[in-house]
Participant: 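I have a structure here, written as structure tokens, and I will follow up with some questions on it.
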Amino acid sequence: QVQVVESGGGSVQAGGSLTLSCTASGFIFSITPMAWYRQTPGEERDLVATILGTGQITYADSVQGRFTISKNNAQNTLYLQMNGLKPDDTGVYYCNIPFRNTWGQGTQVTVSS
């Protein structure tokens with residue numbers, strides 16, 4: 001059964017950095033597209049970054065140049081390196097297979113000004 005577990009969130013000041021991790025199981029991680037999403041209270045989840053099985057990567061305009069998505073296929077782990085954090089980056093971050101409707105618990109990121 002497909003499972004994803006996010007970790008690495010925390011509280012930082014603006015300009016700081018965090019690295020999120022997502023451990024996946026139950027599917028062939030190396031060839032499956034993966035994505036990071038962000039959700040703030042009362043809002044829908046927004047797509048932050050996507051990495052395809054080919055390694056092709058896309059970012060939301062709001063994080064381009066500051067965030068880096070990567071993966072370790074040997075460890076079935078997805079990462080999101082976040083630099084230059086802004087208060088607007090605050091939210092719960094989720095990883096998932098695009099278009100999958102079941103979500104993990106997410107990890108909270110709080111950026112203070």
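No experiment lies behind these values; they were computed from the predicted model shown.
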Participant: Would you name the heavy atoms of F29 and L78 that are closest together and state the gap between them?
Facilitator: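 It is CZ-N, 3.8 Å.
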
Participant: Does Y93 belong to the same Ile/Leu/Val/Met/Phe/Trp/Tyr cluster as L18, with side-chain heavy atoms less than 4.5 Å apart forming each link?
Facilitator: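 Same cluster.
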
Participant: Before giving the answer on side-chain hydrogen bond (donor to acceptor under 3.5 Å, both in side chains), spell out for N72 and T77 the whole-Å C-alpha distance, their side-chain angles and the decisive distance to 0.1 Å.
Facilitator: CA-CA 5 Å; N72 183 324; T77 302; over 6 Å; no

Participant: If hydrophobic clusters are built by linking Ile, Leu, Val, Met, Phe, Trp and Tyr wherever their side-chain heavy atoms come under 4.5 Å apart, do Y94 and M82 end up in the same one?
Facilitator: no

Participant: How close do L52 and P33 get, heavy atom to heavy atom, and via which atoms?
Facilitator: CD2-CB, 3.9 Å

Participant: Connecting only ILVMFWY residues whose side-chain heavy atoms lie within less than 4.5 Å of each other, what is the rest of I28's hydrophobic cluster?
Facilitator: I31

Participant: At what distance, to the nearest 0.5 angstrom, does CG of L85 lie from OG of S113?
Facilitator: 13.0 Å

Participant: Is there a donor-acceptor pair under 3.5 Å between the side chain of E6 and the backbone N or O of T107?
Facilitator: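 No, because the side chain of E6 does not come within donor-acceptor range (under 3.5 Å) of the backbone of T107.
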
Participant: Apply side-chain hydrogen bond (donor to acceptor under 3.5 Å, both in side chains) to S112 and list each qualifying residue two or more places apart in sequence or on a separate chain.
Facilitator: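 Per chain and number, S112 pairs via side-chain hydrogen bond (donor to acceptor under 3.5 Å, both in side chains) with no residue.
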
Participant: Mind checking whether V111 and V63 sit in one hydrophobic cluster, side chains of I, L, V, M, F, W, Y counted as touching below 4.5 Å?
Facilitator: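 Looking at the clustering, V63 is in the same group as V111.
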
Participant: Aromatic ring centroids of W36 and F67 under 6.0 Å?
Facilitator: no

Participant: How long is the gap from OG1 on T58 to CD1 on I51, to the nearest 0.5 Å?
Facilitator: 9.5 Å

Participant: What distance separates T50 OG1 from I97 CD1, expressed to the nearest 0.5 Å?
Facilitator: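 Rounded to the nearest 0.5 Å, the OG1-CD1 separation comes to 12.5 Å.
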
Participant: Between Y59 and I69, what is the shortest heavy-atom contact and its length?
Facilitator: OH-N, 3.0 Å

Participant: Taking the side chain as every heavy atom from C-beta outward, state whether Q105 and V5 have any pair of such atoms under 4.5 Å apart.
Facilitator: yes

Participant: Between R100 and V2 (side chain of the first, backbone of the second, donor and acceptor by atom type, cut-off under 3.5 Å), is there such a pair?
Facilitator: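 Confirmed, R100 side chain pairs with V2 backbone.
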
Participant: To the nearest 0.5 Å, what is the distance between OG1 on T90 and CD on Q108?
Facilitator: 7.5 Å

Participant: So, for A35 and P98, which heavy atoms are closest and what is the spacing to 0.1 Å?
Facilitator: CB-CG, 4.2 Å

Participant: Would you name the heavy atoms of N83 and S17 that are closest together and state the gap between them?
Facilitator: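 Of all heavy-atom pairs spanning N83 and S17, the closest is OD1-OG, 2.9 Å.
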
Participant: So which heavy atom on A24 is nearest to which on V4, and how close?
Facilitator: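 Minimum heavy-atom contact is CB-CG1, 4.2 Å.
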
Participant: Working to the nearest 0.5 angstrom, can you tell me the gap between T110 OG1 and Q13 CD?
Facilitator: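 Interatomic distance, T110 OG1 to Q13 CD, rounded to 0.5 Å: 12.5 Å.
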
Participant: Within the structure provided, determine whether Y37 and D46 are in side-chain contact (heavy-atom separation under 4.5 Å).
Facilitator: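 Answer no - side chains too far apart.
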
Participant: Quick check for you: to the nearest 0.5 Å, what is the distance between N76 atom CG and T23 atom OG1?
Facilitator: 8.5 Å

Participant: Looking at Y79, is K71 sitting on its ring face, NZ or CZ under 6.0 Å from the six-membered ring centre and within 45 degrees of the normal?
Facilitator: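 Because its charged atom misses either the 6.0 Å distance or the 45° angle limit, K71 does not stack over Y79.
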
Participant: Residues in side-chain hydrogen bond (donor to acceptor under 3.5 Å, both in side chains) with D89, at least two apart?
Facilitator: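 So D89 forms a side-chain hydrogen bond (donor to acceptor under 3.5 Å, both in side chains) with R38, R66.
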
